[in-house]
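Please read the structure below before turning to the comments.
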2 protein chains.
Amino acid sequence: MTPGRWMKASVTMIEPNDHFCSDCAVRGIAVCASLDPAELGEFEHLGRRVHFGAGETVFSEEDITTSFYNLLEGVMRLYKLLPDGRRQIVGFALPGDFLGMNLSGRHNFSADAIGAVTVCQFAKTAFGRFMEDRPHLLKRINELAIRELSQARDHMVLLGRRSADEKVATFLLGWRERLVPLKGSSNTVPLPMSRQDIADYLGLTIETVSRTFTKLERHGAIEIIHGGISLRDPARIEALAAA
Amino acid sequence: MTPGRWMKASVTMIEPNDHFCSDCAVRGIAVCASLDPAELGEFEHLGRRVHFGAGETVFSEEDITTSFYNLLEGVMRLYKLLPDGRRQIVGFALPGDFLGMNLSGRHNFSADAIGAVTVCQFAKTAFGRFMEDRPHLLKRINELAIRELSQARDHMVLLGRRSADEKVATFLLGWRERLVPLKGSSNTVPLPMSRQDIADYLGLTIETVSRTFTKLERHGAIEIIHGGISLRDPARIEALAAA
DNA sequence: AAAGCCGATTGACCCAGATCAAATTTGACG
DNA sequence: CGTCAAATTTGATCTGGGTCAATCGGCTTT
């Protein structure tokens, strides 16, 4: 309510509880889309907004799950590490995504902020209690899980059976598509993540990602711009991705 | 009830409705584990048992979803095809697995029987209606989805970041682990699927799978037996899979 | 504006796994 | 048991993408 809104903390910043779900940016697309205005009032008290800076880790694989997270702003990378340090990014999270569900009681992947991020954090127990007698919320969470499962299967095809060119093309189109509900349709695809992140998402090395971008640019299919890619010949990229 | 139990059909065989959920093999582990005995009586009338022979397709990607399936007996391969015929197997289904959930109204992968298979088939609409006022069933389905999502993420790591040796070792141990609840623990791992299926699951070629098996056998880590693999040196395989 | 840093690009070379091509084994059936 | 057809194994060779090693270029710091 006051002008100086943030509580300062060494790393993460916790916003005072002066916000309302009703005017939340992700109200219509996140888990809360399933709640009616009356429920929303109660729901409001369960979550608190937390900010993370670029590169900060929100939770790590194998951590005991104490919270669920609803991403409000920014982009996160979700990844798993092998003991020797090899990394596979299993997905990028965007506003509206719900993170932290698992059966084991421990997170089964790690999650970092890419750039500044705001999440709505819920205590697992309180959230579970709230959901107990609200099957429509459970249904919404189930829908999100099923959607993710479908995405995960698509990604398996990409990782197991596609060439580097196809991987990169498919990634660019898929990422652009995911941004449509947030930023509208455009041939300019912002890429807030690093080349290393893209490589670890596509099961490639950073060098191959870089070379593939350069090659596509030489062929006039894309233009590499600051902070992203511009699709110059979307049809060509689509042909590669379809292949 | 009578000796001649099966209705013959050209391909699939539909069992007459003389069975009971209460003595179903997967009663304790499938979706129906969430139902109490009273509900089970009603549930019984929703599903019918259907048999498929080796190699038959139960449903195909992009088919309109009219049914859900509860696998009772046998093994299925779940896969996606690229337009040019490349195949990625996204999972193998075992008894207790629930198939067919999706948001789009169309199946997002295809499913074939590997060997003889029995499923419990439910009309989507009737099942949906039944689930409507039974949140514990929804909760069970959500649990199964979350479990699958976790498996899918593990598989992404395998496809994107593991070597052929590691893939094969991880597959053998993972498959053995999945069989424990069904057949108990053993160093003999039955492999009902073909080498091609294994290759398409691991993102390899059939030749590489064959060579890797041969190599592991030469090194004394496994023995290739009829219809499967015997783990001679489980520690060695575990070391490869952990790597 | 020079220096330093870090992510990205480019080049040279290499190798794990793919491809192509035979064997060889297995299984189904008359 | 013999015959096919299909699945698997094995061998020879090739190549897409990895590895190793410089640069390059855009920021920040001073």
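- B:G203 comes within 4.0 angstrom of sugar-phosphate atoms only, judged by non-hydrogen atoms across all strands, and of no base.
- Mapping B:T214 and A:L204 onto DNA chain D by nearest heavy atom places B:T214 at the nucleotide closer to the 5' end.
- For A:Y69 and A:F122, the gap between ring centers reaches or exceeds 6.0 Å.
- Side chain of B:D84 to backbone of B:R86: a donor-acceptor contact under 3.5 angstrom is found.
- Residue B:T205 is classed as a base contact, given a heavy-atom separation below 4.0 Å to a base.
- Under the 30°/60° scheme for interplanar angles, the aromatic rings of B:F59 and B:H107 are found to lie parallel.
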Report the C-alpha distance between A:S60 and A:T57 in whole Å, list the side-chain angles of each, state the deciding distance to 0.1 Å, and finish with yes or no for side chain to side chain donor-acceptor pair (under 3.5 Å). CA-CA 7 Å; A:S60 288; A:T57 297; 5.1 Å; no
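- Although no hydrogens or angles enter the test, the distance criterion places no donor-acceptor pair under 3.5 Å between the side chain of B:T208 and the main chain of B:L204.
- In this structure, B:S210 reaches the bases: a heavy-atom distance under 4.0 Å links it to at least one base atom across the strands shown.
- Taking the nucleotide of DNA chain C with the nearest heavy atom to each of B:R162 and A:Q196, the more 5' of the two is matched to A:Q196.
- A tilted orientation is assigned to the rings of A:F98 and A:F68, their planes being inclined by 30° to 60°.
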Grab the N/O contacts between the protein and nucleotides 11-14 of chain D below 3.5 Å, and write none if there aren't any.
unit_1: D:dG11; atom_1: N7; unit_2: B:R211; atom_2: NH1; d: 2.8
unit_1: D:dG11; atom_1: O6; unit_2: B:R211; atom_2: NH2; d: 3.3
unit_1: D:dA12; atom_1: N6; unit_2: B:R211; atom_2: NH2; d: 3.4

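- Bracketed by its first and final contacts, the part of DNA chain C lying under 4.0 Å from non-hydrogen atoms of chain A reaches from C:dA8 to C:dA12 in 5' to 3' order.
- Checking side-chain atoms of A:R236 against main-chain N and O of A:H219 turns up a donor-acceptor pair under 3.5 Å.
- Ion pairing between B:R106 and B:E62 fails under the 4.0 Å rule for side-chain N and carboxylate O.
- For the helix from C:dA1-D:dT30 to C:dG30-D:dC1, the rotation axes defined at the first and last 5 base pairs enclose an angle of 40°, given to the nearest 10°.
- The pair A:E148-B:R153 counts as a salt bridge, with a side-chain nitrogen and a carboxylate oxygen less than 4.0 angstrom apart.
- Between A:D200 and A:R77, no side-chain nitrogen of the basic residue sits less than 4.0 Å from a carboxylate oxygen of the acidic one, so the salt-bridge criterion is not met.
- Between the CD1 atom of B:I206 and the P atom of D:dT10 there is a distance of 13 Å, rounded to whole Å.
- Here the side chain of A:S110 pairs a donor or acceptor atom with the backbone of A:E61 at under 3.5 angstrom.
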